[in-house]
Amino acid sequence: MESRCYGCAVKFTLFKKEYGCKNCGRAFCNGCLSFSALVPRAGNTQQKVCKQCHTILTRGSSDNASKWSPPQNYKKRVAALEAKKNFNTSRSQGLTHKDQAIAERLARLRQENKPKSVPSQAEIEARLAALKDEVQGPIPSTQEMEDRLAALQGRVPPSHTVRPAHQAPDTRTQAQQTQDLLTQLTAEVAIDENCQPRASAASLQNDLNKGTARSQHTNSQGQASQSLEEEKYKLLAEAAVELQEENTRQERILALAKRLAVLKGQDPSRVTLQDYHLPDSDEDEETAIQRVMQQGPQAEEEELPWCCICNEDATLRCAGCDGDLYCARCFREGHDNFDLKEHQTSPYHPRRPCQEH
């Protein structure tokens, strides 16, 4: 059993020290051992004794100290401790050694998980006042934080780097850029012509210097004129190539229109480019040809006189196949016995240019 005071049953700790009565020898705390009396065992000297011994020594009572019983509070605490110990012992009975170890660990964990002492209101107010009294420095700006981060990472701070100048995008077309270049070259040539040095009769050295400068100026002027002429020839060559491509394109479209007129039984000599809406120069050539074939000449549209399967000359029209045109071989191969009996056919004769009305 733990060491406790014989008078108030308080547990002895580091701050609650244990003292012994000089008369009866029992253990008491400082509060219960606050009486003084002459103790015969200590040579009739003044010593600290408990309350019971003080009463016996001062009043001369003949009662024996051994007959004195402890206080009721002490008896209740001792009974509670013994009941708790007996309860734990009864619970551990019937358990194996491992289960008892687990139960003991659980009890220790519950003891450790007990809430600690809650600080008082005065302590909370004192801590809050201390936090409010702390001096806070100025909050760094975003630029300062970026510079500190760059210094920690070993990089150049963003405030020390040179930002690139903004250049607006060039929205001019290629023709406008070429025209501006030609204008710039013309202006440079005009400036060079206006800045020719005048001849003077100073000295021979000046004449030599002027001659050298004149030769350099002539060379630079000749180079500028040559580059200007080359640029002009280049533009003329590109324009000639584009014009030739446009003419070739129109010739191909006209030839295609004439072939289409022949297939439709029309006179190809009467087909002209004015009968069609020519495509733009930026349009793809295949797209333009498809559009011309769909557009056709401004005449009555007729069906194409070839087989719908092999593109050979058609000889039959099948009424059971929505009026499709077939050659004799494809009609036999594309119809079974039932279709040959049920589908009605009629001979097909394409229209000739002479039959055009």
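Starting from 1, each residue takes its place in the sequence as its number.
Taking CZ from R317 and NE2 from H349, the interatomic distance works out to 11.0 Å, rounded to the nearest 0.5 Å. The distance from atom CG of L316 to atom CG of L325, rounded to the nearest 0.5 Å, is 9.0 Å. We find the CD-CG distance between Q47 and L33 to be 10.0 Å, quoted to the nearest 0.5 Å. Put simply, CD1 on I102 and NE2 on H97 are 10.5 Å apart, with the number rounded to the nearest 0.5 Å. The distance from the OG atom of S227 to the NZ atom of K232 is 10.5 Å, given to the nearest 0.5 Å. Note: Q179 CD to T183 OG1 = 4.5 Å, rounded to the nearest 0.5 Å.
Linking Ile, Leu, Val, Met, Phe, Trp and Tyr residues whenever their side-chain heavy atoms come within less than 4.5 Å places L235 and L185 in a single cluster. F28 and V10 are members of different hydrophobic clusters when ILVMFWY side chains are connected at heavy-atom separations under 4.5 Å. Using a 4.5 Å cut-off between side-chain heavy atoms of Ile, Leu, Val, Met, Phe, Trp and Tyr, with links allowed through other members, Y348 and W306 fall into different hydrophobic clusters.
In this structure, the side chain of T55 engages the main chain of K51 through a donor-acceptor pair within 3.5 Å. Put simply, the side chain of R41 gets close to the backbone of N23: a donor and an acceptor are under 3.5 Å apart.
Minimum heavy-atom separation, R4 to A9: NH1-O, 3.3 Å. Taking both residues in full, the closest heavy atoms of C29 and C5 are given as N-SG, 3.2 Å, listed atom of the first, atom of the second, then distance. Listed here is the closest heavy atom pair of L57 and V49: CD1-CG1, 4.4 Å. Residues G31 and S34 come closest through the heavy atom pair O-OG, 3.2 Å. For the pair D147 and P158, the tightest heavy-atom approach, listed with the atom from each and the gap, is OD1-CD, 3.3 Å. Between Y326 and H335, the shortest heavy-atom contact is CZ-CE1, 4.1 Å.
Side-chain contact, Q143 with S141: no donor N or O sits under 3.5 Å from an acceptor N or O.
A heavy-atom distance below 4.5 Å is not found between the side chains of D180 and Q184. When side chains are defined from C-beta on, C330 does not count as touching E312, because their heavy atoms never get closer than 4.5 Å. Side chains of S3 and E18 form a contact here, defined as non-hydrogen atoms less than 4.5 Å apart. With contacts defined as side-chain heavy-atom distances shorter than 4.5 Å, the pair T45/V39 does not qualify.
Summarising the local packing, CZ of R172 is surrounded by more than 12 heavy atoms from other residues, nucleotides or ligands at distances under 6.0 Å. Open room surrounds CG on D313; 12 or fewer heavy atoms of other groups in view lie less than 6.0 Å from it. Shown here is E229, whose CD atom has more than 12 heavy atoms of other residues, nucleotides or ligands within 6.0 Å.
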Could you go through F331 and H343, starting from their C-alpha distance and side-chain angles, then the distance that decides it, and tell me whether this counts as ring pair (Phe, Tyr, Trp, His ring centres under 6.0 Å)?
CA-CA 11 Å; F331 179 76; H343 289 198; 7.6 Å; no

